[in-house]
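Here the structure is a predicted model, which means the values were calculated and not measured. The figures that follow rest on heavy atoms only: side chains count, while hydrogens, waters and symmetry mates do not. Numbered from 1 within each chain, the chains take letters A, B, ... in sequence-line order.
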Protein chains: 2
Amino acid sequence: MAAEADARDGEAALERAEQHCAARGAKLTALRRQVLGLILDSPVPLGAYTLLDRLKTTHPGAAPPTVYRALEFLTEHRLVHRIERLNAFIGCRVGCSDACADHGHEHDHAHAAQFLICGSCGGVEEIEDAGVGSALAAASRRAGFRPAHATVEVEGLCRGCAGLPG
Amino acid sequence: MAAEADARDGEAALERAEQHCAARGAKLTALRRQVLGLILDSPVPLGAYTLLDRLKTTHPGAAPPTVYRALEFLTEHRLVHRIERLNAFIGCRVGCSDACADHGHEHDHAHAAQFLICGSCGGVEEIEDAGVGSALAAASRRAGFRPAHATVEVEGLCRGCAGLPG
DNA sequence: CTCCTCGCGTTATATTATATTGATCATCAG
DNA sequence: CTGATGATCAATATAATATAACGCGAGGAG
């Protein structure tokens with residue numbers, strides 16, 4: 001993980017976001033696109049006010065609602081994820097937006113991305129493990145619970161910070 | 001679930017908390033005990049300031065640090081859990097404190113309680129499903145990640161609110 | 001053109017969390 | 001008993017996070 005942003009990844013994700021929104025009639029305005037770009041550029045999750053500060057450098061009039069509204073749009077459309085533990089946001093790099101955009105549904109099936117949060121470098125990796133998803137679904141069912149959305153955030157040490165072989 | 005507190009449960013949990021603290025030399029002061037009682041009495045998670053308001057009715061001098069310090073103590077000792085999605089706290093009713101208190105370790109093994117949050121009645125059920133725990137551990141390992149603590153919060157509908165047979 | 005919706009700006013406010021400092025109290029050595 | 005020590009708690013101030021309320025202006029539908 002090692003806290004480095006991959007700009008090419010970011011570009012690709014922005015591209016996908018464009019197409020994703022176009023396909024659904026959602027308006028990825030310049031402001032929203034810029035916020036998404038800022039998030040994708042960062043290797044670590046960004047808080048709303050960090051984001052606001054960065055936004056201000058190119059967009060002086062920005063205020064808290066500016067960024068919160070953009071984040072609302074972006075999270076609704078699954079272009080970014082909110083990390084609850086950190087009150088922060090990270091770009092979605094799993095192909096999910098891609099994969100699901102075209103066949104028209106609104107992600108009715110349970111999405112269960114998992115976030116691996118490194119306590120040392122602050123980096124976050126997003127995975128989507130089928131085993132975790134099905135275990136969660138099974139456990140919920142056993143409890144008589146009908147799950148809609150799961151937040152799975154694991155804190156620990158990433159490969160690099162744990163000193164494991166790369 | 002149906003948003004109802006079970007007072008007997010609360011009493012029992014308070015009792016267990018006493019013993020748990022006594023066994024570990026931790027001081028469950030009157031204030032901490034009262035905060036724990038308030039949390040256990042509530043069927044839904046309580047925010048820090050809701051808690052503060054309730055605390056004030058019997059303890060006029062209470063201020064934010066009062067409740068935050070109590071919560072810090074209670075969460076450290078696993079007597080209450082913090083629900084990250086909600087910035088709120090709920091009492092621990094799983095026997096974990098019991099089970100682990102006596103054999104002296106500090107919960108070094110990975111605990112992976114899961115919280116089922118009903119979007120309708122606001123109730124929260126705590127479960128500890130081994131399958132979820134092991135799936136998470138396996139997924140982390142595959143990603144080269146060394147997990148320390150996992151937050152698993154599932155939003156959906158509880159048995160009662162989903163209209164399923166009881 | 002007029003109505004309407006939506007994105008956005010702006011101000012103010014609410015909610016959640018931490019920092020700092022001083023007061024209180026139990027314990028125990030001398 | 002006295003005073004030192006450490007833990008707990010209180011009170012105030014401040015920071016960080018989030019939302020409410022109001023209005024303006026652009027752009028499409030009728």
Participant: Measuring only between side-chain heavy atoms, which start at C-beta, is A:K56 closer than 4.5 Å to A:L52?
Facilitator: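 Sidechains of A:L52 and A:K56: in contact.
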Participant: Starting at CG of A:L74 and ending at C1' of C:dC8, how long is that distance when rounded to a whole Å?
Facilitator: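 Rounded to the whole Å, the gap is 15 Å.
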Participant: Could you state the interatomic distance from CD (A:E153) to CD1 (A:I83), rounded to the nearest 0.5 Å?
Facilitator: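 Answer for the CD-CD1 pair, A:E153 versus A:I83, is 5.0 Å.
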Participant: Any side-chain heavy atom of A:V132 within less than 4.5 Å of one from A:I127?
Facilitator: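 With C-beta onward as the side chain, the pair stays apart.
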Participant: Check nucleotides 21-28 of chain C against the protein and report each pair of N or O atoms closer than 3.5 Å, with its distance, or say if there are none.
Facilitator:
none

Participant: Salt bridge or not for A:R54 and A:D41, using N-O below 4.0 Å?
Facilitator: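 Not counted as a salt bridge, because no side-chain N and carboxylate O are separated by less than 4.0 Å.
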Participant: If I take atom CD in residue A:E72 and atom P in nucleotide C:dC8, what distance separates them, rounded to the nearest angstrom?
Facilitator: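 So the CD-P distance, A:E72 to C:dC8, works out to 12 Å.
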Participant: How many angstroms lie between CG in A:L79 and CZ in A:F89, if you round to the nearest 0.5 Å?
Facilitator: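 Between atom CG of A:L79 and atom CZ of A:F89 there are 13.0 Å.
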Participant: With 3.5 Å as the limit, what N/O pairs link the protein to nucleotides 16-18 of chain D?
Facilitator:
| residue | atom | partner | partner atom | Å |
| --- | --- | --- | --- | --- |
| D:dA18 | OP1 | A:R82 | NH1 | 2.8 |
| D:dA18 | OP1 | A:R82 | NH2 | 2.8 |
| D:dA18 | OP2 | A:Y68 | OH | 3.0 |
| D:dA18 | O5' | A:Y68 | OH | 3.2 |
| D:dA18 | N7 | A:Y49 | OH | 2.5 |
| D:dA18 | N6 | A:Y49 | OH | 3.4 |

Participant: Within the 4.0 Å limit for protein heavy atoms, which parts of nucleotides 24-30 of chain D are touched? Write it as a string from 5' to 3', B for base, S for sugar-phosphate only, - for none.
Facilitator: -------
Participant: Just how far, in rounded Å, is C1' of C:dG7 from CD of A:Q34?
Facilitator: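 Going from CD in A:Q34 over to C1' in C:dG7 covers 15 Å.
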Participant: What is the separation between atom CG on A:L28 and atom C1' on C:dC8, rounded to the nearest whole Å?
Facilitator: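 Taking CG of A:L28 and C1' of C:dC8, I get 15 Å after rounding.
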Participant: Return the CZ to CD distance between A:R82 and A:E72, rounded to the nearest 0.5 Å.
Facilitator: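 If we round to the nearest 0.5 Å, A:R82:CZ and A:E72:CD are 12.0 Å apart.
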Participant: A:R85 vs B:T151, test: side chain to side chain donor-acceptor pair (under 3.5 Å). Steps then yes/no.
Facilitator: CA-CA 8 Å; A:R85 284 184 75 81; B:T151 299; 2.7 Å; yes
Participant: Using a 4.0 Å cut-off on heavy atoms, which residues in residues 51-63 of chain A reach DNA chain C? List them by number, or say none.
Facilitator: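 Under 4.0 Å from DNA chain C: A:H59, A:G61, A:A63.
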Participant: Roughly how far, to the nearest 0.5 Å, is CG of A:D129 from CG of A:L136?
Facilitator: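 That separation rounds to 10.5 Å.
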Participant: Taking NE2 from A:H77 and P from C:dG7, how many angstroms apart are they, rounded to a whole number?
Facilitator: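 For the pair A:H77 NE2 and C:dG7 P, the rounded distance is 9 Å.
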Participant: Any non-hydrogen side-chain atom of A:V44 less than 4.5 Å from a side-chain atom of A:I90?
Facilitator: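 With C-beta onward as the side chain, the pair stays apart.
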Participant: Is the phosphate of C:dG9 approached by A:T66 (side-chain N or O, under 4.0 Å from OP1 or OP2)?
Facilitator: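 Checking C:dG9 against A:T66, a side-chain N or O does come within under 4.0 Å of OP1 or OP2.
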Participant: Flag the pair A:L36 / A:L40 as yes when at least one side-chain heavy-atom distance between them is below 4.5 Å, and no otherwise.
Facilitator: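 They are in side-chain contact.
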Participant: For residues B:I39 and B:L71, determine if any side-chain heavy atom of one lies less than 4.5 Å from a side-chain heavy atom of the other.
Facilitator: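 SC-SC contact between B:I39 and B:L71 confirmed.
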Participant: To the side chain of B:P65, which of C:dG7, D:dA20, C:dA19 is closest?
Facilitator: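 Of C:dG7, D:dA20, C:dA19, C:dA19 is nearest to the side chain of B:P65.
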Participant: Please identify each residue that fulfils side chain to side chain donor-acceptor pair (under 3.5 Å) with A:S140, with sequence neighbours left out.
Facilitator: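 Side chain to side chain donor-acceptor pair (under 3.5 Å) list for A:S140, sorted by chain: empty.
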Participant: Excluding sequence neighbours, so at least two apart, what forms side chain to side chain donor-acceptor pair (under 3.5 Å) with B:T58?
Facilitator: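 In terms of side chain to side chain donor-acceptor pair (under 3.5 Å), with neighbours along the sequence ignored, B:T58 is linked to B:Q34.
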